[in-house]
Amino acid sequence: MSDSADRDESGRQTQQEIRIRITGTDDAEQDTAHLKAWLEREPWLTRRQHDWARRSRPAGESEGVAEPGPADMAVGVDDLILVVVGAVAAEVTKSLTIALQEWLRRRREERADGERPSVAVGERDGDLRELGGAGGGSTAED
């Protein structure tokens, strides 16, 4: 498979960063590790060159949810960054959303008292969008 379409004007391979934030849980560090392992099993990801990084949340940025409360449990936890080399097609975006929603649905089934797990996703340093439709918690406003 040729990667010529995945290069910028100077010939360097392009890459896209997808920022994932977990909030509303007692142990967001453990949840981040579990989510990373969950996504590594996905065929759409294993077929692509990718890497993982952790990045501190931008100063003064809220948890990515509109209301205070359990989301505050994750204060100080870094965002998980999925770095995909090459152009990110609609298939990858859709597959990632489905995988995140399924992980969130399962996590909500296993939640402890007082937890309200949520996942927000966005590109690089852009706004995050909370995933909804997984049941058991708030939903995103589109």
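Keep in mind that the numbers below use all heavy atoms, side chains included, and drop hydrogens, waters and symmetry copies. Positions are given from 1 along the sequence.
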Exercise. Do Leu131 and Val121 touch side chain to side chain, with heavy atoms closer than 4.5 Å?
Worked result: yes
Exercise. Are Ile18 and Leu45 connected in a single hydrophobic cluster, I mean Ile/Leu/Val/Met/Phe/Trp/Tyr linked by side-chain heavy atoms less than 4.5 Å apart?
Worked result: yes
Exercise. What pair of heavy atoms forms the shortest contact from Asp31 to Trp103, and how long is it?
Worked result: O-CZ2, 3.6 Å
Problem set entry | Over all atoms of both residues, closest heavy-atom pair of Ala112 and Asp26 | CB-OD2, 3.9 Å
Problem set entry | side-chain contact (heavy atoms from CB on, under 4.5 Å) partner of Val83, chosen from His50, Gln15, Gln49 | Gln15
For this session: Output, in order, the C-alpha distance, side-chain angles, deciding distance and verdict of side-chain contact (heavy atoms from CB on, under 4.5 Å) for Leu96 and Leu39.
Result: CA-CA 8 Å; Leu96 175 62; Leu39 292 174; 4.0 Å; yes
For this session: Give a yes or no on this: more than 12 heavy atoms of other residues, nucleotides or ligands lie within 6.0 Å of atom CD of Gln30.
Result: no
For this session: Could you tell me whether Asp79 and Arg55 make a salt bridge, using a distance below 4.0 angstrom between a side-chain N and a carboxylate O?
Result: no
Exercise. Should Leu80 and Arg54 count as side-chain neighbours, where that means a heavy-atom distance under 4.5 Å?
Worked result: yes
Exercise. Any salt bridge between Glu109 and Arg105, counting N to O under 4.0 Å?
Worked result: yes
Problem set entry | Criterion side-chain contact (heavy atoms from CB on, under 4.5 Å) on Leu35 and Leu100, from CA distance to verdict | CA-CA 8 Å; Leu35 176 59; Leu100 288 171; 3.7 Å; yes
Exercise. Are Asp51 and Val85 side-chain neighbours, meaning at least one heavy-atom pair lies under 4.5 Å?
Worked result: no
Exercise. Can you name the nearest heavy-atom pair linking Arg111 to Pro117, along with the distance?
Worked result: CD-CD, 3.9 Å
Exercise. Can you find a heavy atom in the side chain of Ile98 that is under 4.5 Å from one in the side chain of Trp44?
Worked result: no
Exercise. Between atom CD of Gln101 and atom CZ of Arg108, what is the distance when rounded to the nearest 0.5 Å?
Worked result: 9.5 Å
Problem set entry | Rounded distance (nearest 0.5 Å) linking atom CG of Asp78 with atom CD of Glu29 | 6.5 Å
For this session: Could you tell me the separation between the CD atom of Glu123 and the CZ atom of Arg129, rounded to the nearest 0.5 Å?
Result: 11.0 Å
Problem set entry | Main-chain N/O of Ala99 paired with Trp38 side-chain donor or acceptor, under 3.5 Å | yes
Exercise. Is there a side-chain contact between Ile81 and Trp52 (heavy atoms, below 4.5 Å)?
Worked result: no
Exercise. With a 4.5 Å heavy-atom cut-off, do Arg21 and Ser118 have their side chains touching?
Worked result: no
For this session: Test salt bridge (charged side-chain N to carboxylate O under 4.0 Å, His left out) on Glu40 and Lys36 and set out the steps.
Result: CA-CA 6 Å; Glu40 283 290 345; Lys36 180 180 168 186; 6.0 Å; no
Exercise. Which pair of non-hydrogen atoms, one from Ala28 and one from Ile22, has the smallest distance, and what is that distance?
Worked result: CB-O, 4.2 Å
